Asker: 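Can you keep this structure in mind? I'll have questions shortly.
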Amino acid sequence: MSTPQPPMPQTAPEWQAAPGSPYPAYTSPIPVVRTHLGHAVASEWTKIRSVRSTMWTLGVFVLLVVGIGLLAGMVVANSSSEMSGENALSLGFYGLLLGSMCIITLGVLTTASEYGTGMIRTTMTACPSRGRVLAAKAVVFFLVAFVVTLVSASLVAFLHVAMLEGNGADEPTGGEWLKATVGVALYIALLGLLSLAVGSMIRHSAGAITLMIGALLAPLVIALFMFSSSLEGVRQALFEYSIPNQLAIFYANSLSDSGPSGWDPLWILLGVTAVALGCAFALLEKRDV
Amino acid sequence: MIEAVGLTKRYGDKTAVHNLSFQVRPGAVTGFLGPNGSGKSTTMRMILGLDNPTAGHVTISGHPYRKLPNAARHVGALLDAKAVHGGRTARNHLLSLAQLSGIPARRVDEVLGVVGLQDVARRRSKGFSLGMGQRLGIAAALLGDPQVLLFDEPVNGLDPEGILWVRNLMKALAAEGRTVFVSSHLMSEMALTADHLIVIGRGQLLADMSVQDFITANSAGFARVRTPDTEPQLREKLTSALTEAGGHVLPEQDGALRVTGLPLPRISDLAHEAGVRLWELSPHQASLEEAYMRMTQGAVDYRSTADQKAGLQQPLPPGAQPPMPVPGQGQPGWYAPPPPRQGAPGPAPAGPYGAPGAAGAGTANPYAQPVPPQTTPAEPAAAPAPSPSPSADPTTPEDAR
């Protein structure tokens, strides 16, 4: 080696014949540890915090949620209209709906960008347990998305309640607080996790982001233009189960009175995400990298 | 120890690798050669468990890659220097890989020092040059201090200092008893680095032998004879005399003759008898490059041709000479003389022709250097390379190996 390797703190490389082998085998002085999910989680945490796309998407997310939330709060606070029968938390919806696109993007990028850059080959060579890598990605991303959404949504919720105290808005109950903070944070983080699974299956950032944004907006847009009365049932279902409407349910602002209510949207999305992640795991094990 | 048995990979109806079996032993640098698209990278990907073989299997130290406990500590690989996220700094890239396999973080700074990237460790790898990217890839391969190393085109884009460094690195790694498996297109590099060669073409094994055996088995030396330029008739005379004596004469671009099948003293005698003066009579050893070209000639998928620019050329002004084609382009059989026929009388000697001098007159043949003797006791079967004999002593062709 022309560039001398710095001496290892442990013993020097030693010649040692492996049993049953006629060749001398090299044994590294660095102790070999048995790896587990924790190692992969640490690695994924390094990865997610060391790229700018994370900072950009999360930065824009916070900006949208807080910015639009503040704007909506100010407009309502300065208008003469009374918020009778509504609670102030529901104003957080608009920012969160737009912001969810950032979380979708980040979720897709967490998996698909490795395919785009070729990094996945390096990762899968370093850790051939593919499921472990995907699990670590899911854990790290979910926690990041959940924490960021929870903080932003809570901040906006507190601001709204404080701003609209004098406008006659209802005092939110404990359950409403929980849904408007932890509930939406879980929902948005799950939506991101679904995007992560889709990104892992599609392996193409732009394609997966397009698909997820389409899934977010298309049902509502299609339903808007379903004028035929024979399609009324389909139209109703599209409205009720569209992601924006499910998100609105957390603020008790559903477009219709039937359909999912309470915490239902979370369970629906949980099921869909579980199926998607299952498919992503199966495909990852089966396909060539 | 890497062991492939009947390795086959099909993509749809295209077979990338067909029934490939080979062993890569520790303690030696094994070169992996083949034309573009011959299945080298596919084979490496199958070794690393990235692609599942359609048939057959490949194991490292007796385990399939994906069953190895802590694979990164056992096997290090440089597959593609660009297989990194460009937005991540060199250090963070390596840190994430280190964490993945439980390697202490200080090892990251260590390998960055080894490959000489410590000054750009906190720069994003997007801005790296090809050579810097390659160094980063090598750092990733060395990270786990593994006993098996795979390198796909490691010297791609490196500067001369870097090439020398990689060459010495490979040898040093092998000398420590590690298994080193290197693919490369640079035959000159393999001649200097590898102890053993595995050659594939169109996904099938063409050769699995030591570098010296490879050259001897696949090509032959030849003699370059030059007669005075001023008297072309002498050249004709000598050509017929040599052909009569059983030699194989091929005219070269610059007027010299390429003779195979006759030892040098015999050529000299024949010239003397024919009354032909010689300006040059020099021995040439076929290089690894030539041997490789000869072997893979039939297995090249993507073949370059001369650029005709048909219909696009301006008519030449009167009196102008059309440009001479560059030797080698679109000329079949340029690369090397035919290999010596087994048992044929007086085969073209290969061994003693160790002198420099390549196809281009006046330029030293970089491939004609002897392969350094084995530095490792791991492969006693490989014979030491012959020492270069000065061209003043071109006798004893019979001891050609």
Side-chain angles (χ1 to χ4, degrees), chain A residues 1-6 8-9 13 15-18 21-36 38-54 113-114 116-130 132-133 136 286-289, chain B residues 1 25-27 45 48-52 61 65-75 77 79-80 82-89 92-93 95-104 107 110 113-116 137 140 143-147 164-165 168-169 172-173 176-178 376-378:
Chain A
M1 226 180 290
S2 66
T3 311
Q5 196 170 342
M8 299 302 302
W15 287 70
Q16 181 186 317
S21 165
Y23 307 104
Y26 176 78
T27 313
S28 171
I30 308 169
V32 178
V33 297
R34 181 160 281 277
T35 52
H36 47 75
H39 290 110
V41 167
S43 168
E44 291 302 331
W45 169 242
T46 303
K47 279 186 194 171
I48 205 167
R49 71 177 167 81
S50 62
V51 288
R52 288 194 181 175
S53 57
T54 308
S113 79
E114 289 220 10
T117 56
M119 177 72 191
I120 192 74
R121 294 195 291 278
T122 310
T123 305
M124 291 308 182
T125 305
C127 179
S129 313
R130 300 177 184 176
R132 184 194 292 172
V133 174
K286 198 170 140 281
R287 285 200 286 192
D288 292 343
V289 175
Chain B
M1 168 86 105
R25 289 173 195 85
R45 290 160 55 81
L48 293 170
L50 296 175
D51 285 11
N52 300 313
S61 307
Y65 187 82
R66 290 179 68 183
K67 297 276 184 297
L68 280 172
N70 205 341
R73 294 303 316 279
H74 198 90
V75 183
L79 270 192
D80 175 3
K82 289 288 155 198
V84 299
H85 192 301
R88 208 167 273 134
T89 65
N92 277 331
H93 170 69
L95 182 63
S96 72
L97 294 177
Q99 288 173 327
L100 195 54
S101 35
I103 298 165
R107 174 72 184 155
E110 211 167 70
V114 170
V115 300
L143 193 62
D145 197 25
Q147 41 177 294
L164 183 67
W165 165 66
N168 290 330
L169 177 71
L173 291 171
E176 285 173 336
R178 307 190 214 222
T376 154

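What you see is a predicted model; the values in this text were computed from it and never measured. Throughout, protein chains are lettered first and strands after them, A, B, ... in sequence-line order, and every chain is numbered starting at 1.
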Asker: Can you tell me how far the OG1 atom of A/Thr27 sits from the CZ atom of B/Arg178, to the nearest 0.5 Å?
Answerer: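 Between atom OG1 of A/Thr27 and atom CZ of B/Arg178 there are 10.0 Å.
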Asker: Do A/Thr122 and B/Leu79 touch side chain to side chain, with heavy atoms closer than 4.5 Å?
Answerer: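 A/Thr122 vs B/Leu79: side chains apart.
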Asker: At a heavy-atom distance under 4.5 Å, which candidate from A/Arg132, A/Arg130, A/Lys286, A/Arg287 has the highest pair count against chain B?
Answerer: A/Arg130
Asker: Return the minimal non-hydrogen interatomic distance between B/Pro69 and A/Arg34, and the atom names on each side.
Answerer: CB-NH2, 4.1 Å
Asker: So do B/Leu50 and A/Asp288 actually touch side chain to side chain, heavy atoms under 4.5 Å?
Answerer: no
Asker: Tell me, for B/Pro146 versus chain A, whether the close heavy atoms (under 4.5 Å) come from the side chain, the backbone, both or neither.
Answerer: backbone
Asker: Taking B/Gly49, B/Gly102, B/Gly87, B/Gly86 one by one, which has the highest count of heavy-atom pairs under 4.5 Å against chain A?
Answerer: B/Gly102
Asker: Would you mind reporting whether A/Val33 and B/Asn70 have side-chain heavy atoms less than 4.5 Å apart?
Answerer: yes
Asker: Are A/Val32 and B/His74 close enough, and set up right, to give a side chain to side chain contact (heavy atoms under 4.5 Å, CB included), and what steps lead you there?
Answerer: CA-CA 9 Å; A/Val32 178; B/His74 198 90; over 6 Å; no
Asker: Show the nearest heavy-atom pair for residues A/Ile30 and B/Pro104, with the distance to one decimal.
Answerer: CG2-CD, 4.0 Å
Asker: To the nearest 0.5 Å, what is the distance between CD (A/Glu44) and CG (B/Leu100)?
Answerer: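 Between atom CD of A/Glu44 and atom CG of B/Leu100 there are 7.5 Å.
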Asker: Please give me the minimum heavy-atom distance between A/Arg121 and B/Ala83, naming the atom from each residue.
Answerer: NH2-CB, 4.2 Å
Asker: Which atom names give the shortest non-hydrogen contact between B/Ala72 and A/Ala126, and what distance separates them?
Answerer: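 Heavy atoms only, the tightest pair is CB-O, 3.3 Å.
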Asker: Most heavy-atom pairs under 4.5 angstrom with chain A, which of B/Val84, B/Thr89, B/Leu48?
Answerer: B/Val84
Asker: Considering only heavy atoms and a distance below 4.5 Å, find which of A/Ser50, A/Ala40, A/Gly116, A/Ala136 pairs most often with chain B.
Answerer: A/Ser50
Asker: Is the side chain of B/Arg45 donor-acceptor paired with the backbone N or O of A/Val289 at a distance under 3.5 Å, no angle test?
Answerer: yes
Asker: Could you tell me which non-hydrogen atom of B/His85 sits nearest to which non-hydrogen atom of A/Ser113, and how far apart they are?
Answerer: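 So the minimum-distance heavy-atom pair works out to CD2-OG, 3.8 Å.
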Asker: Where do B/Ser96 and A/Lys47 come nearest, in terms of heavy atoms and distance?
Answerer: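 Nearest heavy atoms, B/Ser96 then A/Lys47: CB-CG, 3.8 Å.
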Asker: Applying side chain to side chain donor-acceptor pair (under 3.5 Å), can you list everything that pairs with A/Ser129, at least two apart in sequence or on another chain?
Answerer: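 A/Ser129: no side chain to side chain donor-acceptor pair (under 3.5 Å) contacts found.
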Asker: For a side chain to side chain contact (heavy atoms under 4.5 Å, CB included) check, start with the C-alpha distance between B/Arg88 and A/Met119, then their side-chain angles and the critical distance, and finish with the verdict.
Answerer: CA-CA 11 Å; B/Arg88 208 167 273 134; A/Met119 177 72 191; 4.1 Å; yes
Asker: Does any heavy atom of chain A fall under 4.5 Å from the side chain of B/Asn92, the backbone, both, or neither of them?
Answerer: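 Backbone plus side chain of B/Asn92, per the 4.5 Å heavy-atom cut-off to chain A.
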Asker: Can you confirm whether A/Arg52 is buried at CZ, in the sense that more than 12 heavy atoms of other residues, nucleotides or ligands lie under 6.0 Å from that atom?
Answerer: no
Asker: Measure distances from B/Arg73 to the heavy atoms of chain A and classify the residue's part below 4.5 Å as side chain, backbone, both or neither.
Answerer: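 Answer is side chain: those atoms of B/Arg73 sit under 4.5 Å from chain A.
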Asker: Using 0.5 Å steps for rounding, measure from the NE2 atom of B/His93 to the OG1 atom of A/Thr46.
Answerer: 12.5 Å
Asker: Do the side chain of A/Tyr26 and the main chain of B/Asp145 share a donor and acceptor less than 3.5 angstrom apart?
Answerer: no
